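Keep in mind that this is a model prediction, so the values were computed, not measured. Counting convention: from 1, in listed order, for ligands and their atoms alike.
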Amino acid sequence: MFFDKIVRPALYRLSYHDPELVHERTVRVLARLGKFAPRGAFRVDDPVTVLGLRFPNRVGLAAGMDKNGRALPAWAALGFGFVEVGTVTRLAQPGNPKPRLFSLPASDAVINRMGFNNDGAEALAAKLARDGKPGVPLGVSIGKSKVTPLDEAVEDYRFSLRALYPYADYFAINVSSPNTPGLRQLQDRAALAELLGELRKTSAELAGEGTPTPVLVKVAPDLTDDALAELLEVAVEHGVAGIIATNTTLSREGIAPSESSLAGQGGGLSGRPLTARAAEVVRFVHDHTGGSLPIIGVGGIMGPGDAVRLVDAGASLVQLYTGFALHGPGLVRRVSRGLAARPSR
Ligand SMILES: Cc1cc2nc3c(=O)[nH]c(=O)nc-3n(C[C@H](O)[C@H](O)[C@H](O)COP(=O)(O)O)c2cc1C
């Protein structure tokens, strides 16, 4: 309440009502303050072991909030049980022209077409080498550079996997952002099989005698059941460790009438309009794989009840983005408290 009524309006006023500037300034402040914050000061203790990793609780920061890993200690201090940085690409790139981020407060939603603005995989690797890990499991999301043709995508992903292999506790293969032209075609059977096959080989080489780092695939909420079933078959065939469900949607259902003028903005919609669909996808993945693949549930968690529903649908872990951006850091604690009362998978 305090955040919604006082802090958010002030942040927006101070940043000329530009959501991207609010985001940029917030991450900048967190990057500075995080260094001094006691690790896990606000963290709810609800430990689970998933993907062979020990998570202090089940609530993570979703990809895209801290693409370049600028504020890792701050996320841990705010109570997140894990952090996913990225999506990074082989090449540093500026992303799409601004404006590219739109806040829809009446719909409890965001539309973004950032387009993987990031400093590149090597810059993230250098930062992680310098600053170390956040003290909670670290996921690294990798994607395709915009200028790389689709038929050369494998090499792009492989480059990032290699560069970041020493630092990631898991990798998220992003083939589901709607904001890089053609990217979602990598969810198709043949393309995905080739990509996952090659990444598996590379990962085994890099691991040497050790255990390969888990590789997860992040899926779009807009796949049909048939397409998702096919994707899951390919994922299981190629030893994928888990599924992250879901990315943002191209659907515009659930936008409040007062914000319908923004529905025409291109990009992915997230937040409340995604809540029900994300739970459906999580349930589909869980049922279709007989619960054999760990699932990170993400999409429209705006309160603890939404996270509980994702866990009940089959998620082992959850992530926040839009809820956290619109309602502030108190949500991390509320959600992790809500989940702590539930049995884990
Ligand atoms: C501004 C913005 C940027 C995002 N960037 C990424 C990204 O780089 N990689 C990715 O996998 N997902 C990205 N996402 C998607 C989120 O990680 C998440 O899957 C999605 O927003 C649904 O969760 P939510 O409803 O809690 O926001 C982004 C979302 C937003 C709103």
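- Each of the atoms 17 (O) of ligand 1 lies under 4.0 Å from some heavy atom of Ala62.
- Heavy atoms from other residues, nucleotides or ligands lying under 6.0 Å from CZ of Arg32 number 12 at most.
- The protein heavy atom nearest to atom 1 (C) of ligand 1 is Tyr321 OH, 3.3 Å.
- Within the 4.0 Å heavy-atom criterion, neither part of His23 lies near ligand 1.
- Taking CG from Leu161 and CD1 from Ile142, the interatomic distance works out to 5.0 Å, rounded to the nearest 0.5 Å.
- Looking only at heavy atoms of the protein, atom 21 (O) of ligand 1 is closest to Ser270 CB, 3.3 Å.
- Panel note: side chain Thr87, backbone Phe116; no donor-acceptor pair is recorded below 3.5 Å.
- One side chain, Asp156 or Thr148, offers a donor N or O that lies under 3.5 Å from an acceptor on the other.
- Looking at Asn112 against ligand 1, only its side chain comes within 4.0 Å, counting heavy atoms.
- Looking at Asp46 and Ser336, their side chains never come closer than 4.5 Å, going by heavy atoms from C-beta outward.
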**Study point:** Intermediate values then yes/no, side chain to side chain donor-acceptor pair (under 3.5 Å), His327 and Asp108
**Key:** CA-CA 9 Å; His327 301 298; Asp108 227 4; 2.7 Å; yes

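- Counting only heavy atoms of the protein, atom 27 (O) of ligand 1 lies nearest to Thr322 OG1, 2.6 Å.
- Distances shorter than 4.0 angstrom occur between a heavy atom of Gly299 and an atom of ligand 1.
- With 3.5 Å as the limit, one finds a donor-acceptor pair spanning the side chains of Asn118 and Thr89.
- With respect to atom 8 (O) of ligand 1, the closest heavy atom belonging to the protein is Lys67 NZ, 2.9 Å.
- Taking atom 20 (C) of ligand 1 as the reference point, the nearest protein heavy-atom neighbour is Thr248 CG2, 3.8 Å.
- With a 6.0 Å radius and a threshold of 12 heavy atoms from other residues, nucleotides or ligands, Glu155 has its CD atom above the threshold.
- Protein heavy atom at the shortest distance from atom 4 (C) of ligand 1 is Gly64 CA, 3.8 Å.
- Atoms of ligand 1 found under 4.0 Å from any heavy atom of Leu101 (numbered from 1 in listed order, with element): 1 (C).
- In this structure, a donor-acceptor pair under 3.5 Å is absent between the side chains of Ser203 and Arg200.
- Residue contacts with ligand 1, taken as heavy atom pairs separated by less than 4.0 Å, do not involve Glu84 at all.
- Proximity of Ile244 to ligand 1, defined as any heavy-atom pair under 4.0 Å, is not found for any part of the residue.
- Shown in contact with Gly271 at under 4.0 Å from a heavy atom are these atoms of ligand 1, numbered in order with element: 25 (O).
- Taking hydrophobic clusters as Ile, Leu, Val, Met, Phe, Trp and Tyr residues chained together by side-chain heavy-atom distances below 4.5 Å, Leu199 shares a cluster with Val236.
- The number of heavy atoms from other shown groups lying within 6.0 Å of NZ (Lys127) is above 12.
- Annotation for ligand 1: atoms under 4.0 Å from non-hydrogen atoms of Asn174 are 9 (N), 10 (C), 11 (O).
- The nearest heavy-atom contact from the protein to atom 13 (C) of ligand 1 is Ala63 O, 3.2 Å.
- In this structure, Thr275 has no heavy atom closer than 4.0 Å to ligand 1.
- Considering Arg189, His238, His288 in turn, Arg189 is the only one that fulfils the side-chain hydrogen bond (donor to acceptor under 3.5 Å, both in side chains) rule with Glu233.
- Near Gly300, meaning under 4.0 Å from any of its heavy atoms, are these atoms of ligand 1: 24 (P), 25 (O), 26 (O).
- Only the side chain of Leu274 comes within 4.0 Å of ligand 1, counting heavy atoms alone; its backbone N, CA, C and O stay farther away.
- Of all protein heavy atoms, the one lying nearest to atom 15 (C) of ligand 1 is Asn247 OD1, 3.5 Å.
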Exercise for review: I would like to know whether Arg277 and Asp222 meet salt bridge (charged side-chain N to carboxylate O under 4.0 Å, His left out); could you show each step before the answer?
Suggested key: CA-CA 9 Å; Arg277 179 60 188 154; Asp222 305 327; 5.9 Å; no

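- In terms of polar-atom proximity, Thr87 is counted as a contact of ligand 1, with an N or O under 3.5 Å from an N or O of the ligand.
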